[in-house]
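Okay, structure first, notes after.
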Protein chains: 2
Amino acid sequence: MIPERIEVTSEHHHPTHDDCRRVSTILTRVGDKWSVLVVILLGDDSKRFNEIKRMADGISQRMLTLTLRGLERDGLVTRTIYPTKPPRVDYELTALGRSLCEPVRALGMWAQIHLAEIEDARRAFDQRTEVEGSV
Amino acid sequence: MIPERIEVTSEHHHPTHDDCRRVSTILTRVGDKWSVLVVILLGDDSKRFNEIKRMADGISQRMLTLTLRGLERDGLVTRTIYPTKPPRVDYELTALGRSLCEPVRALGMWAQIHLAEIEDARRAFDQRTEVEGSV
DNA sequence: CTGTATCCGTCCAGATACTG
DNA sequence: CAGTATCTGGACGGATACAG
């Protein structure tokens, strides 16, 4: 029972303020430096802290902790502690987390498909700007 | 002719480093505070600077300028200057910009559908954390 | 191993004032 | 109207050291 459209401001058929703020909110969360990377990396099986850290390659311990906490807070990942010695903590995507993967992957596909196009546009823009600057 | 899958690192069938970095890059760009909002607001017809500013409601002039420049640089919007008096500048989504709307809307739908779920998770988490803190 | 605490430099966003 | 310039506070990310 997935609603086709949730509730859009008044009559306007194309999403407006409320709608966009929501999108914006989620994208802000999702768009931070590491969250999506971690979500995708988690994939289907649970993983340990350092395992993720190695995969992410470049993330600091601090940032990984913060990122995982954020994802946990949003109900996207679960955190399971095994009080062994040394301690072991497993992270795993929740159903919600896995469901997020779909639209994110779609965006990822878009990114890959249009990457060259965007980079060309950037080069062109930078050149234009540069020329202006040197006049 | 949209490729099902572009090129994923070696054998692994689930996206890895390269893949993820790309997604991450785009999401970072897309995930900043105003870009997506502006893209969605632009919709199908061109709009003027202050027109967008009014719709965005809360964005500063500076941020709107920077956001639009960024989008223009990435080839997502065009900027048309009419040297009238007073000057008039129209912004419009490019084909690339419009194509971005689709995955973004998908994410938006996801956000709307799961908003309550996420907020519940947040409340639960905060409560748990709070309890721990007070012990 | 899996964190937390602290320090610190950088970037970013907002406010304000000014310009073509 | 549509910007640019400048200043400033705060958030963010990284490095490091320490703890359970």
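Lettering follows sequence order; numbering is per chain, from 1. Heavy-atom basis, side chains included; hydrogens, waters and symmetry copies ignored.
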> For E51(A), does the CD atom have more than 12 heavy-atom neighbours from other residues, nucleotides or ligands under 6.0 Å away?
Replying inline: yes
Length of the line joining [X]:[atom1] and [N]:[atom2], which is rounded to integer Å:
{"X": "I59(A)", "N": "dG3(C)", "atom1": "CD1", "atom2": "P", "answer": "13 Å"}
{"X": "M63(A)", "N": "dT2(C)", "atom1": "CE", "atom2": "P", "answer": "18 Å"}
{"X": "K47(A)", "N": "dT2(C)", "atom1": "NZ", "atom2": "P", "answer": "14 Å"}
{"X": "D90(A)", "N": "dC1(C)", "atom1": "CG", "atom2": "P", "answer": "14 Å"}
{"X": "K85(A)", "N": "dC1(C)", "atom1": "NZ", "atom2": "P", "answer": "12 Å"}

>> Between T129(B) and D126(B), is there a side-chain donor-acceptor contact under 3.5 Å, judged purely by atom types and distance?
In response: no
Under the side-chain contact (heavy atoms from CB on, under 4.5 Å) test, residues paired with [X] that sit two or more places apart:
{"X": "N50(B)", "value": "K53(B), R54(B)"}
{"X": "E92(B)", "value": "S46(B), T78(B)"}
{"X": "L96(B)", "value": "W110(A), H114(A), E117(A), I118(A), L76(B), T94(B), S99(B)"}
{"X": "E119(A)", "value": "L115(A), R123(A)"}

>> What residues from residues 67-84 of chain B pass a heavy-atom cutoff of under 4.0 Å to DNA chain D?
In response: R69(B), R79(B)
> Which is true for K33(B) with a 4.0 Å heavy-atom rule: it touches a base, it touches only sugar-phosphate, or it touches nothing?
Replying inline: sugar-phosphate
> Roughly how far, to the nearest 0.5 Å, is CZ of R79(A) from OH of Y91(A)?
Replying inline: 4.5 Å
>> Rounded at 0.5 Å granularity, tell me how far CD in E102(A) sits from CG in L107(A).
In response: 13.5 Å
> Of all residues at least two apart in sequence or in a different chain, which pass the side chain to side chain donor-acceptor pair (under 3.5 Å) check with R48(B)?
Replying inline: none
> Of all residues at least two apart in sequence or in a different chain, which pass the side chain to side chain donor-acceptor pair (under 3.5 Å) check with R98(A)?
Replying inline: none
>> Please report the end-to-end axis angle for the helix from dC1(C)-dG20(D) to dG20(C)-dC1(D), five pairs per end, rounded to 10 degrees.
In response: 40°
> Shared ILVMFWY cluster between I59(B) and V89(B), side chains joined below 4.5 angstrom?
Replying inline: yes
>> For a 4.0 angstrom threshold against heavy atoms of chain A, report the outermost contacting nucleotides of DNA chain D in 5' to 3' order.
In response: dG13(D) to dG20(D)
> Taking protein heavy atoms under 4.0 Å as touching, what does nucleotides 15-20 of chain C look like 5' to 3' if B marks base contact, S marks sugar-phosphate-only contact and - marks none?
Replying inline: B----B
>> I want to check one thing: is the phosphate of dC1(C), taken as OP1 and OP2, less than 4.0 Å away from some side-chain N or O of Y91(A)?
In response: no
>> Per the side-chain hydrogen bond (donor to acceptor under 3.5 Å, both in side chains) rule, what does the pair list look like for residues 81-90 of chain A, sequence neighbours excluded?
In response: R88(A)-D90(A)
Extract all donor-acceptor atom pairs below 3.5 Å that involve side chains of residues 60-72 of chain B and protein atoms in other chains or at least two apart in sequence.
residue	atom	partner	partner atom	Å
S60(B)	OG	M63(B)	N	3.2
T65(B)	OG1	Q61(B)	O	3.0
T67(B)	OG1	M63(B)	O	2.7

